[in-house]
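Below you will find the structure I want to go over with you.
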Amino acid sequence: KVNTLIKSVGEVSLGLYVCHLTIMVDIVKLLRFVLPDLNNTTIIIFAFIIGCAISLLIVHLLKKNEFSSKFLLGKV
């Protein structure tokens, strides 16, 4: 049971890291364009929340497909 838990946490964390890393810059740019009056701290907080939500959604969708789970999330 512990190995299964560690394996699933590893799969999700790898997916979150990759998604978060690739989309965060674009989210910040979009927020600065849409809401130019906000200060940097607020933009970063919003970007973090939006980035986490999008990353979780992407990982959830990838886990449903056998091919993507195996090659993109490292699921064996």
In Å and rounded to the nearest 0.5 Å, what is the CE to CD1 distance from M24 to I54?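 Nearest 0.5 Å value for the CE-CD1 distance: 8.5 Å.
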
Indicate the atoms forming the closest heavy-atom contact of I23 with S55, along with that distance.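 Where I23 meets S55 most closely, the heavy atoms are CD1-OG, 4.0 Å.
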
Please say yes or no: joined through hydrophobic side-chain contacts below 4.5 Å, possibly via intermediate residues, are I44 and L38 part of one cluster?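 Yes, same cluster.
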
Do F46 and F33 sit in the same hydrophobic cluster, where Ile, Leu, Val, Met, Phe, Trp and Tyr count as joined when their side-chain heavy atoms come under 4.5 Å apart?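 The answer is yes; both residues are in one hydrophobic cluster.
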
Can you tell me how far CD1 of I43 sits from CD1 of I27, rounded to the nearest 0.5 angstrom?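 So the CD1 of I27 and the CD1 of I43 are separated by 12.5 Å.
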
How many angstroms lie between CD1 in I50 and CD1 in I45, if you round to the nearest 0.5 Å?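 Taking CD1 in I50 and CD1 in I45, the distance rounds to 12.0 Å.
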
What's the separation between atom CZ in R32 and atom CG in N40, rounded to the nearest 0.5 Å?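 Here the rounded value is 4.5 Å.
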
Common cluster, F48/L31, ILVMFWY with side-chain heavy-atom separation under 4.5 Å: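 In one cluster with F48: L31, no.
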
